[in-house]
*Asks:* 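The structure's right below; bear with me while I get my questions together.
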Amino acid sequence: MFYWLIELSNTVPGFGIFRTALNVFRYITFRTGGAVVTGALFVFLFGPWIIDNLRIRQGKGQPIRTDGPQSHLLTKKGTPTMGGLMILSGLVVATVLWANPLNPYVWIVLAVTLGFGFVGFYDDYLKVTKQTSGGFGGRIRLAIEAVIALAACYALVRLGRDPSSSSVAIPFFKDLVLNLGWFFVIFGAFIIVGAGNAVNLTDGLDGLAIVPVMIAAASFGMISYLAGNAVFSDYLQINYVPGTGELAVLCGAVLGAGLGFLWFNAPPASIFMGDTGSLALGGMLGSIAVAVKHEIVLAVIGGLFVLEAVSVIVQVASFKLTGKRIFKMAPIHHHFEQLGWTEPQIVIRFWIISVMLALAGLSTLKLR
């Protein structure tokens, strides 16, 4: 919306005197900062109202897994879920106000985010209404996510219109690029679906998922800005993807909305993110990584999410094959709870790991 003020100043008679002042809206960095502030303010202002309404409508709140840590049955019982609605609301408002509405990358990523958010919302709805920790069928959910991701990747490939749009760049190498052709659509969809569910598995403790998501969003905001700039991308020898710089505004919106949500999600949480938020944010990170051609870097920056997902896969595979469990409980943050770590210890230490992984991922931009 603010971006249109620039065009208005060029067409409306007498409005040109404001042209110099409004020119600042052309800068992605300025609009990204505006999106951060807008997203945070929106959640700060409307967060209490959303929480109160969700608490009234949900009654008993999110059902707690009986096979999880027993302490959660006491400390987290009655806490409302679907807090992702707060994040998505702030994200959408900030993006609509500050992003270029003519940029197709913004709408593709936003479509994936809201699509995954709707899937998560329906899953949360079933859990709350049926008072069970299980939502709707896992295969059906994955199938819907896959359709959304495949459509988005197809659109991204068609949008690129050159061989690089269907290629995968290998970090730390200048010219090592794998052209997957149309198979890239399947590869990209796997990245998006995997990211969505990995973040979903991480969301198990107060504040555990939202801060790593914000760290990853800030990192990919920088990557998006650099990949969408011809000068910077040439200097860093990374793929130049025209138009993706605008995704930095969306990342800023996530950062701001996430900060606002963290205010209410800090231990002891007043609200849980739920699948509504975790699936949406994970899908967003995955789609941005695919758009800016940094799919493998996502596995580094989002290494904590990968670790959480792998811990579940290893646990299930080990139990089915040998009847034994590798971890005391999966995902791995519950394993550390069983070892005696307190919730704040786990959360803060995992935040530290996220920062270190983000720095490692960003280092791939120069080390080539």
*Asks:* Are there over 12 heavy-atom neighbours, none belonging to Tyr240, within less than 6.0 Å of that residue's OH?
*Replies:* yes

*Asks:* State, yes or no, whether a side-chain contact exists between Leu208 and Glu308 at a heavy-atom distance under 4.5 Å.
*Replies:* yes

*Asks:* Running the 4.5 Å side-chain criterion over Ile, Leu, Val, Met, Phe, Trp and Tyr, what cluster does Val316 land in, apart from itself?
*Replies:* Leu201, Val312

*Asks:* Report yes if the side chains of Ile192 and Glu145 come closer than 4.5 Å at any heavy-atom pair, otherwise no.
*Replies:* no

*Asks:* Kindly indicate, with the supporting measurements, whether the criterion salt bridge (Lys or Arg N to Asp or Glu O under 4.0 Å) is fulfilled by Glu337 and Lys328.
*Replies:* CA-CA 9 Å; Glu337 278 191 289; Lys328 291 182 178 293; over 6 Å; no

*Asks:* Answer whether the closest heavy-atom distance between the side chains of Trp341 and His333 falls below 4.5 Å.
*Replies:* no

*Asks:* Is there a side-chain contact between Val297 and Leu365 (heavy atoms, below 4.5 Å)?
*Replies:* no

*Asks:* Other than Leu41, what residues sit in its cluster of Ile, Leu, Val, Met, Phe, Trp and Tyr side chains whose heavy atoms are under 4.5 Å apart, directly or through others?
*Replies:* Val37

*Asks:* Just wondering, do Thr244 and Leu247 contact through their side chains at under 4.5 Å, heavy atoms?
*Replies:* yes

*Asks:* Got a sec: does the CH2 of Trp49 have more than 12 other heavy atoms crowding it under 6.0 Å?
*Replies:* no

*Asks:* Any side-chain donor-acceptor pair under 3.5 Å between Ser233 and Asn239?
*Replies:* no

*Asks:* Tell me whether the rings of Tyr225 and Phe232 are parallel (<30°), tilted (30 to 60°) or perpendicular (>60°).
*Replies:* tilted

*Asks:* Are any of the side-chain heavy atoms of Met284 and Val112 separated by less than 4.5 Å?
*Replies:* no

*Asks:* Measure the acute angle between the ring planes of Phe121 and Tyr125, then classify it against the limits of 30° and 60° as parallel, tilted or perpendicular.
*Replies:* parallel

*Asks:* Would you say Val168 and Val177 make side-chain contact, with heavy atoms under 4.5 Å?
*Replies:* no

*Asks:* Is the distance between the ring centroids of Phe118 and Tyr122 under 6.0 Å?
*Replies:* no

*Asks:* Using only heavy-atom distances, determine whether the side chains of Thr38 and Trp98 contain a donor-acceptor pair under 3.5 Å.
*Replies:* yes

*Asks:* Are any non-hydrogen side-chain atoms of Tyr105 and Ser224 less than 4.5 angstrom apart?
*Replies:* no

*Asks:* Is it the case that the side chains of Asn100 and Arg31 hold a donor-acceptor pair, with the cut-off being a distance below 3.5 Å and no angle test?
*Replies:* no

*Asks:* Give the table of side-chain donor-acceptor pairs shorter than 3.5 Å for residues 250-260, with sequence neighbours excluded, one pair per line with atom names and distance.
*Replies:*
none

